[in-house]
Undergrad: 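Quick one: the structure is below, and I'll ask about it shortly.
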Amino acid sequence: MNAIWGGMLLIGIVYGILTGQVEVISEAVLSSAKEGVNLCITMFGVMALWNGLMEIANDAGLIHVITRKIRPVIQFLFPRIPKDHPALEHIATNCAANVLGLGSASTVYGLKAMEALEKLEEERRRKDHAAGENIGHTANREPEKRMESCNDARDMDKVIQRQKRKGARCSAMPRGTASNEMCTFLIINISSLQLIPVNIIAYRTQYGSVNPTAVVGPGIVATAVSTVVAVVFCKIMESRAR
């Protein structure tokens, strides 16, 4: 992205110099800097307001109620996560914050969810490793289906990769590879349903929109469609992986 934006700016500046519009470039730079500062101040106020409301809702228990209501949906989307695992709580809170349009507030819970999912995947790697040591000593197993054992924990990823190629069942992914839960969570997080698009409303307010909240209805429809498509895609890819 840095290269793309840098290239676009460079092309514009070079084109302005070649066409003799240096004054236009200077004016655009100054006006854009002023507009950027005003936009940041507007966004800061709006996000401070909504984050404050988020904290009030959290203290009042509203977020907990929403999280509990959407818990069955979260368990449907992530069936392999244990019901008492903290990742489910973080994912549900993140989704609740996204639905309310609090993108910045949901980031913290999203990071916590990813950390919890990584810990869960590490637990699965250790279980696969332990199962490999046990199965490796079983004589009546088919050779191509046996889980290999390894003496060093650092070789777990290599063992998992080899066993996946041989067709053995492994519940974990090698290190450096996102798990199915991570991919599903990321896709749903990006396409999340939003009831109140706070950022867009703030942008429209800053640029003088007569009705800044007119995007609420279309935004709900657009994000609902994108979320449904994301869920269907994740389920199809999950079934293909199985």
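All residue numbers in this chain count up from 1 along the given sequence.
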Undergrad: Could you tell me whether R124 and E181 make a salt bridge, using a distance below 4.0 angstrom between a side-chain N and a carboxylate O?
TA: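 Yes, R124 and E181 are salt-bridged.
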Undergrad: For the hydrophobic clusters of this structure (ILVMFWY residues joined by side-chain heavy atoms under 4.5 Å, transitively), does one cluster hold both V73 and V231?
TA: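 Shared cluster, yes.
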Undergrad: Please assess F76 against K235 for the test side-chain contact (heavy atoms from CB on, under 4.5 Å), listing each intermediate value before the final yes or no.
TA: CA-CA 10 Å; F76 167 75; K235 288 300 179 182; 3.9 Å; yes
Undergrad: If we ignore hydrogens and angles and just use 3.5 Å, is the side chain of S226 paired with the main-chain N or O of S191 as donor and acceptor?
TA: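 Indeed, once roles are kept as given, a pair shorter than 3.5 Å links the two residues.
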Undergrad: Does this structure show an ion pair linking R126 with E122, if we count only N-O contacts that are shorter than 4.0 Å?
TA: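 Counted as a salt bridge, because a side-chain N and a carboxylate O are separated by less than 4.0 Å.
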Undergrad: Could you check whether S209 and N211, counting side-chain N and O atoms only, form a donor-acceptor pair closer than 3.5 Å?
TA: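 Checked: N211/S209 side chains show no N/O donor-acceptor pair below 3.5 Å.
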Undergrad: Between N180 and C234, is any pair of side-chain heavy atoms under 4.5 Å apart?
TA: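 No, too far: nothing below the 4.5 Å cut-off.
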Undergrad: When hydrophobic residues are tied together by side-chain contacts of less than 4.5 Å, even through go-betweens, does V229 share a cluster with I190?
TA: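 Different clusters: V229 never reaches I190 through Ile, Leu, Val, Met, Phe, Trp or Tyr contacts under 4.5 Å.
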Undergrad: For a 4.5 angstrom cut-off between non-hydrogen side-chain atoms, does I81 reach I91?
TA: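 Heavy-atom side-chain distance check passes, below 4.5 Å.
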Undergrad: Please answer: with hydrophobic residues joined when any side-chain heavy atoms are less than 4.5 Å apart, are I187 and L111 in the same cluster?
TA: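 No, because I187 and L111 fall into different hydrophobic clusters, even though each may have its own neighbours under 4.5 Å.
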Undergrad: A116 and H85: which non-hydrogen atoms are nearest, and at how many Å?
TA: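 Looking at all heavy atoms of both residues, the closest pair is O-CE1, 3.5 Å.
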Undergrad: Do V65 and Y109 sit in the same hydrophobic cluster, where Ile, Leu, Val, Met, Phe, Trp and Tyr count as joined when their side-chain heavy atoms come under 4.5 Å apart?
TA: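 No: no chain of side-chain contacts under 4.5 Å links V65 to Y109.
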Undergrad: Does V24 share a hydrophobic cluster with I11, counting links as ILVMFWY side-chain heavy atoms below 4.5 Å and allowing steps through other members?
TA: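 No, because V24 and I11 fall into different hydrophobic clusters, even though each may have its own neighbours under 4.5 Å.
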Undergrad: Work out which heavy atom in P212 is nearest to a heavy atom in R204; give both atom names and the distance.
TA: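 Where P212 meets R204 most closely, the heavy atoms are O-NE, 3.0 Å.
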Undergrad: Take atom CD in E27; do more than 12 heavy atoms of anything else shown fall under 6.0 Å from it?
TA: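 No, CD of E27 has 12 or fewer neighbouring heavy atoms, counting only those of other groups under 6.0 Å.
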Undergrad: With rounding to the nearest 0.5 angstrom, report the CD to CD distance, E118 to E115.
TA: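 Going from CD on E118 over to CD on E115, the span is 10.0 Å.
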Undergrad: Between M114 and L186, is any pair of side-chain heavy atoms under 4.5 Å apart?
TA: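 Yes, close enough: below the 4.5 Å cut-off.
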Undergrad: State the CG-CD1 distance between L30 and I25, to the nearest 0.5 angstrom.
TA: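 If we round to the nearest 0.5 Å, L30:CG and I25:CD1 are 12.0 Å apart.
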Undergrad: Looking at every heavy atom in both I70 and A92, which two are closest together, and how far apart are they?
TA: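 Heavy atoms only, the tightest pair is CD1-O, 3.3 Å.
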Undergrad: Quick check: closest heavy atoms across S239 and I236, and the distance to 0.1 Å?
TA: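 Closest heavy-atom pair between S239 and I236: OG-O, 2.7 Å.
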Undergrad: How about K112 and E89: do any of their side-chain heavy atoms sit closer than 4.5 Å?
TA: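 Side chain of K112 against side chain of E89, heavy atoms only: no contact under 4.5 Å found.
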Undergrad: So which atom in I74 and which in C95 form the shortest heavy-atom distance, rounded to 0.1 Å?
TA: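 Of all heavy-atom pairs spanning I74 and C95, the closest is CD1-SG, 4.0 Å.
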Undergrad: Looking only at non-hydrogen atoms, find the nearest pair between I188 and L77 and report the distance.
TA: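 Nearest pair, atom of I188 first, then L77: CD1-CD1, 3.4 Å.
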Undergrad: Would you check if the side chain of T19 reaches a backbone N or O of G16 as a donor-acceptor pair within less than 3.5 Å?
TA: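 Answer holds: yes.
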Undergrad: Could you state the interatomic distance from NZ (K83) to CG (L88), rounded to the nearest 0.5 Å?
TA: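 These two atoms lie 10.0 Å from each other.
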